Amino acid sequence: MSFEPFGKLISRTFVISQKNIDTDQIIPARFLTTTSKEGLGKSAFYDWRYDEKGNPLNSSVFNGVNPDTQKILVAGSNFGCGSSREHAPWALSDFGFRAVISSDIADIFKSNSLKNGLLPVVVDEDTHAFLLANPGIELTIDLEKCEVSLGENKVISFEVEAFARRCMLDGVDPLGHLINQLPDIKVYEEVR
Amino acid sequence: MSDNNNPKSLFDKLWERHIVVPETDESPAVLYIDLHLVHEVTSPQAFSVLNERGLKVRRADRTIATLDHSTPTLPADKNGELPYFTAEAKSQVETLIKNTAEHGIELFGMGDPRRGIVHVIGPELGATQPGKTIVCGDSHTSTHGAFGALAFGIGTTEVGHVLATQCVLQRKPKSMRVTFEGTLSSGVGAKDMALAMIAQIGAHGGQGYAIEYAGEAVRDLSMEARMTLCNMSIEAGARSGMVAPDEKTFEWLDGRDMSPKGEAWTDAVKDWASLATEEGAKFDKEVVVDAANIRPMITFGVSPDAAGAVDAIAPTPKTDPELHAAEYMKFEAGRPFADAIVNRVFIGSCTNSRLSDMREAAMIMRGCKVSKGVIALVVPGSEAVKRAAEAENLHKIFLDAGAEWREPGCSMCIGMNGDQGAPGELVVSTSNRNFIGRQGTGVRTVLASPATAAASAIEGRIADPRPYFENKKESA
Ligand code: SF4
């Protein structure tokens, strides 16, 4: 699989400050009966956007979001906890997000996102608090340098696992890398 | 065994045994996978990638598949048609049937006596064994750690990796030991231990760690109870949880379909016995939980760490998220949880749907009636659990009490098959997640043990199961 390589992203943020946003919020289980990855954006945060009958909720925090200019989701801590469904990053990407920033992002969600061109960025508590308090500000995320600039010369660095970063920069899934290891895998199977 | 200056933990040993290519600064380790479990929800897109690239499944012999999430729990109608919730659910099931047939993977499909929830059948068949690495596109794969296996959930892209190469790319997580000190009191079980631990360390307290559960209370647990405990590791944020294998583990596995036989069995047991954490092994983090003081637990919020004792009062929310959770759950601060009226009870899921769970619920429901207005669903985890429970007439106890006895599957744990609560209902559930909307839009989920769920079904409100344990003891 491949996706758009992630170099530099300049965009405004969309903030949802709730903690522990689980993957059932990101995409409710009833949308998981699909056998494809496509078009899940319409189900992203569905229950936050629509009522039980499928009518848009007037009070939804998502009403003001513009996915063309707000490609960075800033969320409360422990974002993406819960199930391992890769439908969560598929849905967020399809909705238009290209990066998620939080003070803490769940492991499996992080790993899944990195394989789908959605960059998880974990920042320190102070930066997190600043971002939560200033919705809609423009950020520049530079994956090559692993830096986020918050404007006015304020730049913070973040960590991404080196290999996943390479894959994101190149826009490739690591399957090719694993396939190159097949000779070693064969040897392992034979000697154990 | 510990006669060395580099004592190793169970996790260290499991990790080292499976390294094909060690990790470096530039790339994660290539980790070999002994057993890959597949179900219908997280696999279709992985098979699509394989097909697009013209790749084959590398080790179909190390892969087993089952149908559990989208499957109906009501029997076929008189024309033999299964009541699928949606056409999409049915098509997802058909997709797995087709994919497994094309790639030569064994599928325990509808009607197969070995079918069931993926984390119930792995151990049941003896496919789950100490020393193995086990993955599944499902976060509750941690369940299998109860056998001293390294078992963790993966995403769909990784499902594709394992299908194609039998390996995953992983960096070694940090290690955490959770020691449960003391012994449990009557009426308290593994589910309560798990909820107490999660309440203590938080829903992300285990993030980035592989947990080993230790201590007297853990050793005392049956294999099935250890599965319940390991199952909930992910609700603390940890991808894996494990218990060192011991006599109970070996006894449980002896004679199962896929367990080694004869000489291979003797060799395997010898090897498995060497896996336990050695004295002096270092963990990145140590946590101690006071097992002796754990009471039956329930959750009152929308994250599994919002858990408290069943006989406590609802706390006053202090933060915005707590306030939001309290508004959703409608627990009034200062009032006993026991005041809350229950609409529905679900006994099932990969956390609590094994024979011992069925027995625990039946022990409480025996001779009682489900409270008027409460719908109670009892859903065995597998065809085998269903047969075993029926052989003991447990289903009669449930049916006589007015509960429903369903076909095996995930059912109301996730509601994908249509088994859901109605908006606003309070559901006491033996599953693992109390997330908003998980059991149906607007459903308020309270997580609890099978005993607490059964007692709540009878009383029609959140109920402490301990009196039932005492009464039944007296009458026995
Ligand atoms: S029972 Fe629930 S948690 Fe377990 S595998 Fe099924 S849906 Fe997932």
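Throughout, protein chains are lettered first and strands after them, A, B, ... in sequence-line order, and every chain is numbered starting at 1. All figures in this text were calculated on a predicted structure; none of them were measured in a lab.
- Remark: side-chain polar atoms of A/E52 are not paired, donor with acceptor, to backbone N or O of B/T441 under 3.5 angstrom.
- Without hydrogens or angle criteria, B/Q92 side chain to A/T34 main chain gives a donor-acceptor distance under 3.5 Å.
- There is no contact between A/P28 and chain B, counting heavy-atom distances below 4.5 Å.
- Salt-bridge formation is detected for the pair A/K115/B/E158: a Lys NZ or Arg NE/NH1/NH2 atom is positioned less than 4.0 Å from an Asp or Glu carboxylate oxygen.
- Of all residues in residues 181-192 of chain A, those placing a non-hydrogen atom less than 4.5 angstrom from a non-hydrogen atom of chain B are A/Q181, A/L182, A/D184, A/I185, A/K186, A/Y188, A/E189, A/R192.
- The closest side-chain donor-acceptor pair between A/D173 and B/H161 falls under 3.5 angstrom.
- When all heavy atoms are compared, the tightest approach of B/S139 to A/S84 is N-OG, 3.4 Å.
- Contact between B/S70 and A/T33 at its shortest, heavy atoms only, is OG-CG2, 3.8 Å.
- Heavy atoms of A/N116 lying under 4.5 Å from chain B belong exclusively to its side chain.
- Here the shortest heavy-atom pairing between B/Q45 and A/S36 reads NE2-O, 2.9 Å.
- Considering every non-hydrogen atom in both A/S77 and B/H204, the closest pair reads OG-CE1, 4.3 Å.
- Against chain B, the residues from residues 101-110 of chain A that qualify, each with a non-hydrogen atom under 4.5 angstrom away, are A/D104, A/I105, A/A106, A/D107, A/I108 in number order.
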